[in-house]
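What follows is a short report on a single structure.
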Amino acid sequence: MPVTWKSALAPLSLVLLVPMAACSEADSPEPENGTRDDGTQTLASALAADDHLRSLQAAVERSDLSGVFDGPASYTVLAPDDAAFEALGDEGEALLEADQRPMLVAILRDHLLPGHLTPETIGEAIERHGGPVTMTTLGQAEVSFSRSGDDIVVSSGDGMTAQFAGTAIAANNGVIIPIDTVLLPPRQDTAP
């Protein structure tokens with residue numbers, strides 16, 4: 001039977017989270033580009049508390065997906081930081097308009113993975129697989145994770161790439177992994 005990413009990552013994520021849960025914040029400093037355990041918060045409250053993810057929080061609120069981030073299901077959020085949204089310029093501002101809500105929801109769903117995946121578990125999967133690992137988002141898009149030196153890079157099916165950018169947050173219903181680029185779908189030409 002072939003090994004899938006789900007079957008390969010599930011036991012590893014549990015093994016890595018047990019030692020993290022045993023450490024208090026006073027016992028260990030916040031990791032750089034690792035995962036900080038904050039299992040007392042939901043994804044929604046952890047997102048609201050992060051000063052570098054304000055634009056994503058606004059997008060989640062405008063998309064009416066806030067309930068997903070407060071619900072019992074577990075998700076991994078590939079979370080574009082504020083600089084990633086700023087890089088979109090006017091296009092990013094336009095996505096927050098009411099008539100663009102369907103597009104905003106689609107983009108956000110392509111930044112959500114089912115399950116509780118930390119950068120460490122993704123990195124271990126890349127190592128075990130001997131190269132890139134592909135996963136399917138809630139929006140049914142495929143993303144691939146690979147290494148570039150010590151960094152983990154996520155690539156969308158259309159070739160857009162983003163790097164993990166900062167400390168991930170493990171909440172009680174998932175993980176927020178900051179990334180440095182908004183992974184947009186390919187542009188559709190509307191000209192006749």
Side-chain angles (χ1 to χ4, degrees), residues 4-28 30-82 84-85 101 104-126 133-143 145 152 154 156 162 164-183:
T4 65
W5 68 269
K6 288 180 186 177
S7 63
L9 287 178
L12 182 60
S13 66
L14 291 175
V15 169
L16 288 175
L17 287 177
V18 170
M20 286 177 24
C23 298
S24 72
E25 285 184 38
D27 293 334
S28 60
E30 186 170 303
E32 184 177 325
N33 291 328
T35 303
R36 177 174 48 94
D37 186 11
D38 198 349
T40 62
Q41 295 186 335
T42 64
L43 287 171
S45 57
L47 182 62
D50 193 307
D51 291 336
H52 302 293
L53 300 174
R54 297 282 184 222
S55 298
L56 177 60
Q57 181 185 8
V60 168
E61 289 172 0
R62 296 244 172 104
S63 70
D64 292 333
L65 290 176
S66 296
V68 170
F69 289 71
D70 260 332
S74 185
Y75 299 104
T76 298
V77 182
L78 300 175
D81 59 21
D82 289 341
F85 277 97
R101 184 178 174 275
L104 181 60
V105 169
I107 290 169
L108 290 175
R109 288 176 56 88
D110 283 346
H111 286 77
L112 291 173
L113 297 164
H116 192 100
L117 305 169
T118 65
E120 293 85 357
T121 58
I122 293 170
E124 288 289 328
I126 294 167
V133 176
T134 301
M135 300 176 195
T136 303
T137 68
L138 292 184
Q140 299 304 306
E142 287 193 347
V143 292
F145 296 93
I152 296 179
V154 57
S156 64
F164 287 13
T167 303
I169 303 165
N172 64 18
N173 63 339
V175 179
I176 298 172
I177 301 174
I179 59 174
D180 66 359
T181 304
V182 179
L183 301 172

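- Proximity of Leu47 to Leu56: side-chain heavy atoms (C-beta onward) are separated by under 4.5 Å at one or more points.
- For Gln57 against Ala48, the heavy-atom pair with the smallest separation is NE2-CB, 3.3 Å.
- Within the 4.5 Å cutoff, side-chain heavy atoms of Leu117 are placed close to those of Met135.
- Using a 4.5 Å heavy-atom threshold, the side chains of Leu53 and Asp81 count as touching.
- Annotation for Pro114 and Leu138: closest pair CD-CD2, 4.2 Å, computed over non-hydrogen atoms.
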Report the C-alpha separation of Asn172 and Thr42 in whole Å, then their side-chain angles, then the decisive distance to 0.1 Å, and conclude whether the side chain to side chain contact (heavy atoms under 4.5 Å, CB included) test is met. CA-CA 5 Å; Asn172 64 18; Thr42 64; 3.8 Å; yes
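- Looking at residues two or more places apart in sequence or on another chain, you find no side chain to side chain donor-acceptor pair (under 3.5 Å) involving Ser74.
- Side-chain atoms of Ile107 and Asp110, non-hydrogen and from C-beta on, never get closer than 4.5 Å to each other.
- Taking OG of Ser63 as the reference point, atom CG of Leu108 lies at 5.0 Å (rounded to 0.5 Å).
- For the side chain to side chain contact (heavy atoms under 4.5 Å, CB included) with Thr35, the qualifying choice from Thr118, Thr121, Ile169, Thr167 is Thr118, the only one to do so.
- When side chains are defined from C-beta on, His111 counts as touching Val182, because their heavy atoms get closer than 4.5 Å.
- For the pair Val154/Ile122, no side-chain contact is recorded, criterion being any heavy-atom separation below 4.5 Å from C-beta on.
- Residues Val133 and Ile126 are in side-chain contact: their nearest non-hydrogen atoms beyond the backbone lie under 4.5 Å apart.
- Once rounded to the nearest 0.5 Å, the distance linking CG of Asp50 with CG of Asp82 reads 8.0 Å.
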Please table the atom pairs, donor to acceptor, closer than 3.5 Å between any side-chain atom in residues 173-180 and protein atoms at least two apart or in another chain.
| unit_1 | atom_1 | unit_2 | atom_2 | d |
| --- | --- | --- | --- | --- |
| Asn173 | OD1 | Leu43 | N | 2.7 |
| Asn173 | ND2 | Phe69 | O | 3.1 |
| Asn173 | ND2 | Gly71 | O | 2.8 |
| Asp180 | OD1 | Gln163 | N | 2.8 |

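- Taking OG1 of Thr181 as the start and CG of Leu78 as the end, the distance is 11.5 Å to the nearest 0.5 Å.
- The shortest non-hydrogen separation linking His116 to Ala170 is NE2-CB, 4.1 Å.
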